[in-house]
A.B. asks: 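Pasting a structure here, questions to come.
Each chain gets a letter, A, B and so on, in the order the sequences are listed, and its residues count up from 1.
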Protein chains: 2
Amino acid sequence: MEIRTEKQDTLFVASLAKGLKLLRAFDEGHTEMALSELAARAGLDRSATQRLANTLHQQGFLEKDPVTRRFRPSHAWIELAYAYLWSDPLIALSSPKLIELSHQVGETVNMSELSGMDIVYVTRLPSPRSHFAATLIGRRIPALVTSSGRAILATLPEEERRAAIANWPVRQYTPLTTLDRGRIAGEVAEAVERGYSISKNELILNEIGVAAPILDPDGRASAAVHCSVSAFHWTTDRVEREIVPYLLDTANGITPPRRHR
Amino acid sequence: MEIRTEKQDTLFVASLAKGLKLLRAFDEGHTEMALSELAARAGLDRSATQRLANTLHQQGFLEKDPVTRRFRPSHAWIELAYAYLWSDPLIALSSPKLIELSHQVGETVNMSELSGMDIVYVTRLPSPRSHFAATLIGRRIPALVTSSGRAILATLPEEERRAAIANWPVRQYTPLTTLDRGRIAGEVAEAVERGYSISKNELILNEIGVAAPILDPDGRASAAVHCSVSAFHWTTDRVEREIVPYLLDTANGITPPRRHR
DNA sequence: GCTGCCGTATCATATTATGATACTAGCAAT
DNA sequence: ATTGCTAGTATCATAATATGATACGGCAGC
């Protein structure tokens, strides 16, 4: 069977874990799947997939097209996000300030949180020119390739910082995505000095991103406020003059509650 | 055991269904729960809850505070929303137009979809004065109490419309929420004539909502575009003059793909 | 210092999930 | 049309898996 890696046995329910794998099989490239496709992507046999998918379906977690018989995510998925957003105290704390910032700068404003070695977008306030994926919450991106991730990293103790830069994953999103860890280290070092991080062409061509960390009471960040603008209309200089002051002000105005580690 | 209601047996995985119940136990009022609380809310015994919650935890679907031992939703929940948003073709179709509308009217703009007898918010573009819950996607509300729901209902065949008004659930959100089905019928009738629906004080006091249906190729709607403004700054008259034209234009500009029923 | 609650761990049992197989429908190519 | 393939659905005997009762230990309130 080999689902679990270690010896955790009696308090592990394999069927549940498999069902979750089915949910995880959906992403931006796989928005709708037939039974066998689903089985293949989740790494399960046809029988198991059949039973689990049916269960998910009749529990309201999977929509099933009556004619194509293909499965797709249901509204339950977005309702879980609603529960998440309530559970995360940063959301309520930051919302009004992010909205204010978005009006001040007139450009796309985001908030992202560190999640393992990635960052996940939790708030997105799009401007008229936003790229589509940039308007959706829940996107996960390796921390090292984003200004948000670098801004957050910059607040960690040097030891951790160094380890992260050396080991955390990177991925190429554009031909100009920085994969060189030496250069990433340089960017993070700069963020340490300045208190914010700025990047260009990392995720999308002609996109400039600026991010400022949201500091915990103990000085570490686990989230960042971030603006994204087009390099057609902006230069990094102008971003630093016209956006960064508001950005820092916003980020500094948010104090998350202390949380156990 | 009694989880399932009918005779669907061999292709039903009870453990998975129970695990899903745990996820569903979280909502705006229950953002973080101890094991026994979770067990109570999900209607499961302590042992089952222990095993299922541990499985969810080690699969990354539940965060566990190391000191309080309380569980809360993880980032996985919001990533599912990301997958959902990609899977729903209406999101990509409508995004640019909704953003445009939000700049035209300068007020909160939403898109919601019919989900059973409720509507669910799938897009939210908040304005500076938005109520917090009004900035979060994934909220589910009985269709009959919202202008969106009524606007959608107004596009259905009279038979279905009548049945829905008679049987679908309602719920009191403010002292002024309309619970009288006769008056709801009147509102829907008005929406049939005008092509949009307007309401006041239904969900929040001093809130005016206007919604226009997004019509499928066959003339039925399963979604609506919606604006929400404060009655301190607006009258319904002014809303009809200054918002409705843009709103209708936006809604009419969105044509969802035909989908099997 | 005692009591009760809550989270954690263990274990023998049979209920439950398993996955191989057979059946059926739709589609493509011949 | 006929055949053959692929993909979804249904069935079933088997044993592996989930079960839930119980016991342990820590912590908080009394």
A.B. asks: Rounded to whole angstrom units, what separation is found between the CG atom of A:N54 and the P atom of D:dT11?
C.D. replies: 13 Å
A.B. asks: Which listed nucleotide (C:dG7, D:dA7, C:dA17) is nearest to the side chain of A:S36?
C.D. replies: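 Among C:dG7, D:dA7, C:dA17, the one nearest the side chain of A:S36 is D:dA7.
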A.B. asks: Let me see the working for A:I91 and A:M111 under side-chain contact (heavy atoms from CB on, under 4.5 Å), right down to the final yes or no.
C.D. replies: CA-CA 9 Å; A:I91 305 294; A:M111 184 169 70; 4.0 Å; yes
A.B. asks: Report the residue (A:L16 or A:K64) whose heavy-atom-nearest nucleotide on DNA chain D is the more 5′ of the two.
C.D. replies: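 First, find each residue's nearest nucleotide; the 5'-ward one identifies A:K64.
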A.B. asks: Identify which nucleotide among C:dA17, D:dT9, D:dG20 has an atom closest to any side-chain atom of B:V13, counting heavy atoms from C-beta outward.
C.D. replies: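 The listed nucleotide nearest to B:V13's side chain is C:dA17.
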A.B. asks: Between P on D:dA7 and CG on A:D65, what's the gap in Å once rounded to a whole number?
C.D. replies: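 It works out to 17 Å between those atoms.
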A.B. asks: Show the numbers, then the answer: is there a side-chain contact (heavy atoms from CB on, under 4.5 Å) between A:F26 and A:R41?
C.D. replies: CA-CA 9 Å; A:F26 291 86; A:R41 267 188 66 82; over 6 Å; no
A.B. asks: Grab the CG-C1' distance between A:L52 and D:dT17 for me, whole Å please.
C.D. replies: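 Taking CG of A:L52 and C1' of D:dT17, I get 14 Å after rounding.
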A.B. asks: Heavy-atom nearest nucleotide on DNA chain C for A:Q50 versus A:S15: which residue maps closer to 5'?
C.D. replies: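 Result of the comparison: A:S15.
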A.B. asks: Under 3.5 Å, is there a donor on one side chain and an acceptor on the other for A:H57 and A:N54?
C.D. replies: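 Checked: A:H57/A:N54 side chains show no N/O donor-acceptor pair below 3.5 Å.
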A.B. asks: Write down the distance between CG (A:L35) and P (C:dG26), rounded to a whole number of angstrom.
C.D. replies: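 Rounded to the whole Å, the gap is 17 Å.
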A.B. asks: Can you tell me the distance, in whole Å, between the CG atom of A:D45 and the C1' atom of D:dG8?
C.D. replies: 14 Å
A.B. asks: Roughly how many Å is it from CZ in B:F12 to C1' in D:dA10, rounded to a whole number?
C.D. replies: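 In whole Å, D:dA10 C1' lies 18 Å from B:F12 CZ.
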A.B. asks: From A:R124 CZ over to B:L125 CG, what is the distance, rounded to the nearest 0.5 angstrom?
C.D. replies: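 It is 13.0 Å, given to the nearest 0.5 Å.
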A.B. asks: Is the closest basic N to carboxylate O distance between B:E160 and B:R220 below 4.0 Å?
C.D. replies: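 Between B:R220 and B:E160 there is a salt bridge, with a charged N closer than 4.0 Å to a carboxylate O.
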A.B. asks: Contact class for A:A34 (heavy atom, under 4.0 Å): base, sugar-phosphate, or nothing?
C.D. replies: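 Touches sugar-phosphate only.
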A.B. asks: Roughly how many Å is it from CZ in A:R70 to C1' in D:dG8, rounded to a whole number?
C.D. replies: 13 Å
A.B. asks: Can you measure A:L38 atom CG to D:dG8 atom C1' for me and round it to whole angstrom units?
C.D. replies: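 Whole-Å distance recorded here is 13 Å.
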A.B. asks: Please pick, from D:dT22, D:dG8, C:dA17, the nucleotide with the shortest atom-to-atom distance to any side-chain atom of A:R51.
C.D. replies: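 Of D:dT22, D:dG8, C:dA17, C:dA17 is nearest to the side chain of A:R51.
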A.B. asks: Check whether any side-chain N or O of A:R69 sits under 4.0 Å from OP1 or OP2 of D:dA7, and answer yes or no.
C.D. replies: no
A.B. asks: Can you tell me if the side-chain N/O atoms of B:K18 get under 4.0 Å from OP1 or OP2 in D:dA18?
C.D. replies: no
